[in-house]
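A short worksheet on the structure shown next.
In what follows, residues are counted from 1 in the order of the sequence shown.
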Amino acid sequence: MTTQKTIQSELMDTNEVTQMVLNRSRRRLRLWAGTAILLWILIAILMVSATYFYFIWIFPIQNEVVYQMINGAQPASAMADRYREMMPITANLFSWSALMGAVFLIAAAIVTLLYIRASNRANLTLIRSELAAISEQLRQLTCS
C-alpha cells in the first residue's frame with residue numbers, strides 16, 4: 001500500500017515537473033512567434049511606406065522637374081538645382097529603406113528559425129513526457 005502511494009506521489013511530482021516544462025516551452029513559443037510576426041509586419045510596413053513615399057512625394061517632383069527641363073519652362077540651371085536637391089533625399093530614402101529592410105529581413109529569418117527550433121523541442125518534450133507516462137502505466141500494470 002505504501003509503495004503504491006509512493007509511486008503515485010512520484011508520478012504526480014513527475015507530472016507537475018513535466019507540466020512546468022511544457023508551460024515554459026509554450027511561453028517561449030509564444031514569444032518567438034510574436035517576435036517573428038512583428039518583424040515580418042515591420043518589413044511589410046517598411047516596403048509599403050517607402051514605395052508610398054516615393055510615388056506620392058518624390059516621383060511627382062522629379063517628374064515635374066524633368067517635364068519643365070524638357071519643355072524649357074524654367075532655366076536649366078534652376079531645374080538642375082532643384083533636381084540636385086531631390087536626389088540626396090531619394091538616395092537617402094532608398095538606401096535607409098534597403099538597409100533597414102535587410103536588417104529586419106535577416107532578423108525575421110533568424111527569429112523564424114528559432115521559433116521552428118523551439119517548436120520542435122517542445123514537441124519532443126511533449127512526446128517524451130507522454131512516453132514516460134505510458135512507461136509508468138505499463139510498470140504499474142506489470143507490478144499488479
With clusters defined by side-chain heavy atoms of hydrophobic residues (ILVMFWY) lying less than 4.5 Å apart, directly or transitively, does [Y] cluster with [X]?
| X | Y | result |
| --- | --- | --- |
| Ile45 | Leu38 | no |
| Phe53 | Phe104 | no |
| Ile56 | Leu93 | yes |
| Ile106 | Met47 | yes |

Looking at [atom1] of [X] and [atom2] of [Y], how far apart are the two atoms once the value is rounded to the nearest 0.5 Å?
| X | Y | atom1 | atom2 | value |
| --- | --- | --- | --- | --- |
| Leu126 | Leu131 | CG | CG | 9.5 Å |
| Leu39 | Ile43 | CG | CD1 | 6.5 Å |
| Glu136 | Ile134 | CD | CD1 | 12.0 Å |

What orientation do Phe94 and Tyr54 show, parallel under 30°, tilted 30 to 60°, or perpendicular over 60°? perpendicular
Under 3.5 Å, which donor-acceptor pairs link side chains of residues 24-36 to any protein atom two or more places apart or in another chain?
residue, atom, partner, partner atom, Å
Ser25, OG, Val21, O, 3.1
Arg26, NH1, Asn23, OD1, 2.9
Thr35, OG1, Leu31, O, 2.8

Mind jotting down which residue pairs meet the side chain to side chain donor-acceptor pair (under 3.5 Å) criterion with at least one end in residues 94-103? Sequence neighbours excluded, please. none
Would you mind listing every side chain to side chain donor-acceptor pair (under 3.5 Å) that reaches into residues 100-126, with sequence neighbours excluded? Trp40-Thr112
Quick check: does any side chain N or O of Asn63 sit under 3.5 Å from a backbone N or O of Phe59, one acting as donor and the other as acceptor? no
